[in-house]
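In this text, all values refer to a predicted model and were calculated from it rather than measured experimentally.
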Amino acid sequence: MTISLADKLDTVYQTKPKKLRIDELKWRYLLRSTYRGKNILLVGPTGCGKTLAAKSVVEAVGAQTNHIIINMGSTQDPRTTLIGKTLLDKSTGTLFNPSPFATAISTPNCVVILDEISRGHPEAWNLLMPVLDETQRTLRLDEKPDSPVVQVADGVTFIATANIGSEYTATRVMDRALLGRFSVKVEMDYLPTEDEVALVLEEIGMSLTDEVEHIVEIANLVRGLARQGKVHTGVSTRSVLEMAGLLVDGFSLLEAAQMVLFTDYPDDGGVESERTIIKQVVQKFLPSQDAAALGLPTGPNSTPLS
């Protein structure tokens, strides 16, 4: 008996890992789109779980042995990474050695993760355009009109992750034509407070509930400041986890903030710098002795939170 996609989704839906905190509807949509061989784009702030979501989909649909991850942000030679190399052998002549990417896209039902596509080189984007195009689905091996092509196999799914926004200075503005190649776009965001606290407590394996709640509250306040344009970026869940890990290992909240948080914000501008703003946020959660050690003014107007 043929199992319908709806029945399959009901079964696979339960495989979402605990570490992946994502809206249930979005998770189901990701699974469905993967089974349908769609081009999927996961967008959201850094550290919110985009790459984890992509990897979790691979495991959920049983593609552990039939997937590939291409880190687009670290690709230095797009043609070699996406196409391969042409080799000259004296006895056999010119040989083409296809890249793992070219091999993957010609494999039926393969899942291809294009991680950090917004950091990719423009040449890589140009090479991907016909690959992602539903009417073409080909990778041309050479620029000549009659050059051979690699045909994208049936069921191949492309899942790309991207940070889109002015705060990500190492990213490039993605071409609308490239964005249009992704028929499925899923927006991800920082976790709700309760979920983030629960995730951190699961990770550190200890019941530092009050301390973890303080870290998450600090992160949420800074994220609010980022949305207001008062600082250039928010606090990733990765940073929250790192700070919590330091507390487990005996560091104070102030020391954890000094090592993980303060260094992400520039100190230019003195008392009006972003780092000063972050220190003022953290100050609210410190014991009086540590708060005084920051050397910041105190009082109802000393923080930029109102």
Side-chain angles (χ1 to χ4, degrees), residues 9 11-36 38-75 101 104 110-120 156-165 167-168 170-171 174 182 184-205 212 215-216 219-220 222-223 226 233-245 248 260 264:
L9 287 176
T11 301
V12 180
Y13 174 78
Q14 306 297 330
T15 62
K16 181 169 71 73
K18 287 185 177 180
K19 290 184 179 180
L20 178 62
R21 306 284 175 148
I22 185 176
D23 180 87
E24 302 299 335
L25 175 59
K26 291 180 180 179
W27 173 243
R28 187 178 180 86
Y29 187 39
L30 277 175
L31 293 175
R32 173 265 177 189
S33 299
T34 302
Y35 279 122
R36 290 297 187 190
K38 302 288 185 177
N39 297 338
I40 303 167
L41 181 64
L42 298 172
V43 298
T46 182
C48 70
K50 297 184 297 297
T51 302
L52 175 60
K55 292 179 178 178
S56 298
V57 167
V58 166
E59 295 183 6
V61 302
Q64 293 94 323
T65 60
N66 194 24
H67 79 283
I68 187 173
I69 302 175
I70 305 292
N71 189 322
M72 300 298 293
S74 63
T75 300
F101 174 81
C110 185
V111 177
V112 180
I113 299 176
L114 303 170
D115 206 20
E116 295 189 332
I117 193 172
S118 51
R119 296 179 184 272
V156 172
T157 298
F158 295 94
I159 305 178
T161 69
N163 298 319
I164 298 178
E167 65 181 280
Y168 304 106
T171 65
M174 292 180 64
F182 293 93
V184 175
K185 297 180 179 66
V186 176
E187 292 183 345
M188 300 186 65
D189 204 345
Y190 298 116
L191 299 174
T193 299
E194 290 184 3
D195 285 348
E196 191 162 21
V197 169
L199 172 64
V200 176
L201 289 174
E202 287 176 11
E203 284 293 306
I204 65 177
V212 168
I215 293 175
V216 172
N220 285 333
V222 175
R223 292 162 184 166
T233 188
V235 180
S236 70
T237 300
R238 292 192 198 98
S239 294
V240 170
L241 286 166
E242 180 63 20
M243 289 180 66
V248 171
V260 179
D264 283 341

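A distance of 7.0 Å separates CD1 of Ile113 from NZ of Lys55, quoted to the nearest 0.5 Å. To the nearest 0.5 Å, the span separating CZ on Arg119 from CD1 on Ile117 amounts to 13.0 Å. The CD atom of Glu202 sits 10.5 Å away from the CG atom of Leu241 when rounded to the nearest 0.5 Å. Atom CH2 of residue Trp27 and atom CG of residue Leu9 lie 11.0 Å apart, to the nearest 0.5 angstrom. Distance CE/Met174 to CG/Asn163: 11.0 Å, rounded to 0.5 Å. Rounding to the nearest 0.5 angstrom, the gap separating the OG atom in Ser33 from the CG atom in Leu41 is 12.0 Å.
A donor-acceptor pair under 3.5 Å is formed between the side chain of Lys50 and the backbone N or O of Pro45. Under the 3.5 Å distance criterion, the side-chain polar atoms of Lys185 are left unmatched by any main-chain donor or acceptor of Leu42. A donor-acceptor pair under 3.5 Å is formed between the side chain of Thr161 and the backbone N or O of Glu116.
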Steps toward side-chain contact (heavy atoms from CB on, under 4.5 Å) verdict (Val186, Val43) | CA-CA 6 Å; Val186 176; Val43 298; over 6 Å; no

side-chain contact (heavy atoms from CB on, under 4.5 Å) between Ile159 and Val112: does it pass, once the steps are laid out?
-> CA-CA 6 Å; Ile159 305 178; Val112 180; over 6 Å; no

Between Val57 and Val111, does a side-chain contact (heavy atoms from CB on, under 4.5 Å) hold up when you go through it step by step?
-> CA-CA 9 Å; Val57 167; Val111 177; 5.6 Å; no

Can you check salt bridge (charged side-chain N to carboxylate O under 4.0 Å, His left out) on Glu196 and Arg223, steps first, answer last?
-> CA-CA 14 Å; Glu196 191 162 21; Arg223 292 162 184 166; 2.9 Å; yes

Could you check Leu114 against Phe101 for side-chain contact (heavy atoms from CB on, under 4.5 Å), going step by step and ending with a plain yes or no?
-> CA-CA 10 Å; Leu114 303 170; Phe101 174 81; 4.1 Å; yes

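Sorted pairs that involve residues 63-73 and meet side chain to side chain donor-acceptor pair (under 3.5 Å), not counting sequence neighbours, are lacking altogether.
Here the shortest heavy-atom pairing between Ala226 and Gly234 reads CB-N, 3.7 Å. Minimum interatomic distance between Cys110 and Ala104 (heavy atoms only, all atoms of both residues): CB-O, 3.4 Å. Scanning both residues, Tyr35 and Ala60, for their nearest heavy atoms gives OH-O, 4.3 Å. Taking every heavy atom of both residues into account, Ser118 and Ala162 meet most closely at OG-CA, 3.6 Å.
Side-chain contact between Val61 and Leu31 is present, with heavy atoms from C-beta onward closer than 4.5 Å. Side-chain contact between Ile215 and Val197 is absent, with no heavy-atom pair separated by less than 4.5 Å. Residues Ile22 and Met188 meet the side-chain proximity criterion, which asks for heavy atoms closer than 4.5 Å. The shortest side-chain heavy-atom distance between Val212 and Ile204 falls under the 4.5 Å cut-off.
In terms of the side chain to side chain donor-acceptor pair (under 3.5 Å) criterion, Thr34 has no residue partners (sequence neighbours excluded).
For the side chain to side chain contact (heavy atoms under 4.5 Å, CB included) with Phe158, the qualifying choice from Ile70, Asn39, Ile40 is Asn39, the only one to do so.
Side-chain contact of Thr193 with Asn220: a donor-acceptor pair under 3.5 Å is present, judged by distance alone.
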